[in-house]
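Working notes for the structure below.
Everything quoted here is computed from the prediction, not taken from an experiment. Values reported hereafter were calculated over all heavy atoms of this structure, with side chains retained and with hydrogens, waters and symmetry mates removed.
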Amino acid sequence: MSIRVRFAPSPTGHLHIGGARTALFNYLFARKHKGVFVLRIEDTDEDRSTGDSVKSIFESMKWLGLDWDEGAMPDGAEKGSFGPYIQSARYAAGTYRKYAEELIKTGKAYKCYCTEAEVDEMRRVASLEKRLPKYDGRCRSLTETRKKEFEARGRKPVVRFRMPDDGCTGWTDLIHNEVKFDNKLLSDFVMLKASGYPAYNFACVIDDRLMEISHIIRGDDHISNTPLQVNLYRALDWRIPGLAHLSMILGPDGTRLSKRHGATSVGEYAKQGYLAGTMKNYLALLGWSTTDSRQLFEEGELEEKFDLKGCQKSPAVFDPVKLTWMNGEYIRKLPRDKLLELALPYIKGAGISVEKSPVPLTEIVALEQEKYRLLSEIPAKIEFFFSDAKYDETAFAKMLKTPDAKKILAGIKEAYSALGGFKEAEIEAATRNFAKTNAFKAAQVFHPLRVAVSGRAEGPTLFRMIEYLGREESVKRLEKALSLI
RNA sequence: GCCCUCAUCGUCUAGUGGCCUAGGACGCUGCCCUUUCAAGGCAGAGAUCAGGGGUUCGAAUCCCCUUGAGGGCGCCA
């Protein structure tokens, strides 16, 4: 049996962390088993589905590098021979109606003329009387005359699935092992809405089967939908795919991850300067691990090592602090030209005019590569190369408001002006020499010098920084600092 | 209310009856390196394995109960 998995988002917003994790695990499972990864759009919620959401989801998937083998594509075309891959299009082709009618014919489904208000009331009363708040099945055996009456009054029926009245429905979950539900608890769920559109539990089963999906990997918020779907598979006499329910992702307070925990969409993290590789690596570790508890994975390694057996049953708290640490790790591993490429949008976005760069921008950006944890931190770190030093008050007070500061800066200024060349090694030698001849400790000179030239108490390695700034600019800044002391 | 699921350091986790006086990672603390900040190296604090009962020569690992948390009970997905 060939492995075919799918990610089936409903386009009602951006791709969220939880969705991305589900997509990732499906993708990894497919790659690991040399299977097929399908992307299907479940846009059967007529009110909330939007084309913009579809676009946004595509974008995030692409950013994360989760390329799919079959399904709806960003250019509006489709790839694969099981299409269409958008449920609204499948609806238009009559796919769902066909199977619904078949089930009605065999008595496994029926038309229900109850209005939403009636069903709501039914549930309310049941709940009050401490009975199960489920549909009571009153339309299960409507006579033809009754049906005609309803139709005559203009009532549009929904199609409901007839659940077995007794027995249990269970399955062997690939993550949770045996799970079972008492059929008595299960409701005759809606397959086709009054509008004719399919509801989730129905569309999902029909499509998974028709697309020959071999394994369903989804969040465990779907566990209670599963017995309904299993019964549908059986009614249709279809083979039930492998079922794997992933644990939820929670916020730091232990509740389901949501907006009030901060950024929840993949796009927001991308904007904040997290790398796609970081996100992929971090998300993989939320609910999955190797037996050696490995943290950092090389490119392509997850695809090789992923295994459903390593999946956690319990929910995981999303930890932005660890994510940020990991991003630093990924940034450090970046080749410098790649780093520049990724940093450029942030640099330009900060209004830094890079044309004025005294040395190739790559060099400047790479200067503090080991310190960046977020791409968005880069502009603030390199800004002083491109505009006059803005003196940090604390640093200025501490390093330049000292008895020796004037002497040091003046002396260094002189030494630099007299230098033949202006390379890191020469600058360092001259600076150390100045310190020595004037009986200063190296640090006594270095600190004020750093502040005078960059405005900050911390920064890149001192002499290379000064080299990049250039003699003229360095001297100019020393003069300015002198005038301010 | 009913049903389902889950339960190892603050967090992500390793662990499938003896190798566990419970390992790794993030975070935290200290030291080293060092012109700063980082990075790196080393060391350390941090988990009576939710609690209580069993089973067993032996349990984080198996069984039962309790508690807690999460999810579901839609013509949303």
Rounded to whole Å, the CG-P distance (A/Asp182 to B/C4) equals 8 Å

Rounded distance (Å) that lies between atom P of B/C12 and atom CG of A/Asp319
8 Å

Report the distance from atom NZ of A/Lys180 to atom P of B/C3, rounded to the nearest whole Å.
14 Å

Using atom P of each nucleotide, how far apart are B/U21 and B/C49 to the nearest Å?
12 Å

Whole-angstrom distance between B/A47 and B/C28, as gauged at atom C1':
16 Å

Nearest-angstrom distance from the residue atom CD1 of A/Ile408 to P of B/U35:
16 Å

Is there a donor-acceptor contact under 3.5 Å from the side chain of A/Glu118 to the main chain of A/Thr115?
yes

Spacing between A/Arg21 atom CZ and B/C12 atom P, to the nearest angstrom:
12 Å

Is any side-chain N of the basic residue among A/Glu467 and A/Arg464 closer than 4.0 Å to the acidic one's carboxylate O?
no

Can you check whether A/Phe306 and A/Phe25 have ring centres sitting under 6.0 Å from each other?
yes

Write down the distance separating the P atoms in B/C31 and B/U16, rounded off to the nearest Å.
39 Å

Between B/C73 and B/G27, how many Å separate the two P atoms, rounded to a whole number?
39 Å

Counting only Watson-Crick pairs (N1-N3 plus N6-O4 or O6-N4) and G-U wobbles (N1-O2, O6-N3), all under 3.5 Å, who is the partner of B/A22?
none

Distances for protein N or O near nucleotides 19-24 of chain B N or O, under 3.5 Å:
{"from": "B/G23", "atom 1": "N2", "to": "A/Ser293", "atom 2": "OG", "distance (Å)": "2.8"}
{"from": "B/G24", "atom 1": "N2", "to": "A/Gln295", "atom 2": "NE2", "distance (Å)": "3.2"}

What is the nucleic acid contact for A/Gly287, judged by heavy atoms within less than 4.0 Å: base, sugar-phosphate only, or nothing?
sugar-phosphate

Could you run through nucleotides 62-77 of chain B and give me one letter per nucleotide, 5' to 3': B if any protein heavy atom sits under 4.0 Å from the base, S if only the sugar-phosphate is that close, - if neither?
--------SSSBSBBB

Whole-Å distance separating the CD atom of A/Glu178 from the P atom of B/C4
14 Å

Mind checking A/Arg464 for me? I need base, sugar-phosphate or nothing, with any heavy atom below 4.0 Å counting as a touch.
nothing

Please list each protein N or O that sits under 3.5 Å from an N or O in nucleotides 31-33 of chain B, with the distance.
none

Are the charged groups of A/Glu377 and A/Arg373 less than 4.0 angstrom apart, N to O?
yes

Answer for the Watson-Crick or wobble partner of B/A43, both distances under 3.5 Å, is B/U29

B/C42 to B/U61 separation - P atoms, rounded to the nearest Å:
34 Å

Per nearest nucleotide of RNA chain B, the residue lying toward the 5' end, A/His447 or A/Thr290, is A/Thr290

Assigned partner base of B/A7, Watson-Crick or wobble definition, under 3.5 Å
B/U67

Whole-Å distance separating the CG atom of A/Leu246 from the P atom of B/C6:
14 Å

Using a cut-off of 4.0 Å on non-hydrogen atoms, how would the nucleic acid contact of A/Gln312 be classed: base, sugar-phosphate, or nothing?
sugar-phosphate

Tell me, which pairs form a ring-ring contact (aromatic ring centres under 6.0 Å, His included) where one or both residues lie in residues 434-456 of chain A, sequence neighbours left out?
A/Phe446-A/Phe463

If I pick the P atom on B/U48 and the same atom on B/U11, what distance separates them, to the nearest angstrom?
12 Å

Nucleotide forming a Watson-Crick or wobble pair with B/G1, both distances under 3.5 Å
B/C73

Is the distance between the ring centroids of A/Phe29 and A/His215 under 6.0 Å?
yes

Would you call A/Arg432 and A/Glu428 a salt bridge, using N to O less than 4.0 angstrom?
yes

Measure from NZ or CZ of A/Arg456 to the centre of the six-membered ring of A/Phe384 and say whether it is under 6.0 Å with the direction within 45° of the ring axis.
no

Identify whether any heavy atom of A/Lys313 sits under 4.0 Å from a base atom; if not, whether one sits that close to sugar-phosphate; answer base, sugar-phosphate or nothing.
sugar-phosphate

Could you tell me whether A/Glu129 and A/Arg124 have a side-chain N and a carboxylate O separated by less than 4.0 Å?
no

Neighbours of RNA chain B within residues 392-399 of chain A, by heavy-atom distance under 4.0 Å
none

Determine which nucleotide pairs with B/U35, using a 3.5 Å limit on both distances of a Watson-Crick or G-U wobble pair.
none

If only atom types and distance count, is the side chain of A/Lys381 paired as donor or acceptor with the main-chain N or O of A/Gly459 below 3.5 Å?
no

Ionic contact status for A/Arg140 with A/Asp188, cut-off 4.0 Å
yes

Just by protein heavy atoms under 4.0 Å, how would nucleotides 38-49 of chain B read 5' to 3' in B, S and -?
BSS---------

Distance-only, no hydrogens or angles: does the A/Tyr391 side chain make a donor-acceptor pair with backbone N or O of A/Ala452 under 3.5 Å?
yes

Distance to the ring centre below 6.0 angstrom and angle to the axis at most 45 degrees; does that hold for A/Lys333 and A/Tyr330?
yes

State plainly whether the residues A/Glu363 and A/Arg336 are in salt-bridge range, i.e. N to O under 4.0 Å.
yes

C1'-based separation of B/C57 from B/A50 [nearest Å]:
28 Å

Give a yes or no on whether a salt bridge exists between A/Lys184 and A/Asp165, defined as a side-chain N under 4.0 angstrom from a carboxylate O.
no

Categorize A/Leu286 for me: base, sugar-phosphate, or nothing, with a 4.0 angstrom heavy-atom threshold over every strand shown.
sugar-phosphate

Carboxylate-amine/guanidinium contact A/Arg294 A/Glu301, below 4.0 Å:
yes

For B/A59 versus B/C6, give the span between their P atoms, rounded off to a whole number of Å.
24 Å

Could you check how far CG of A/Leu228 sits from C1' of B/C3, rounded to whole Å?
12 Å

Of A/Phe318 and A/Thr461, whose nearest nucleotide on RNA chain B comes first from the 5' end?
A/Phe318

N-O pairing of A/Arg256 and A/Asp221 below 4.0 Å:
yes

Tell me if a side-chain donor or acceptor on A/Glu426 pairs with a main-chain N or O of A/Lys423 at a distance below 3.5 Å.
yes

Salt bridge or not between A/Asp45 and A/Arg48? Use side-chain N to carboxylate O under 4.0 Å.
yes

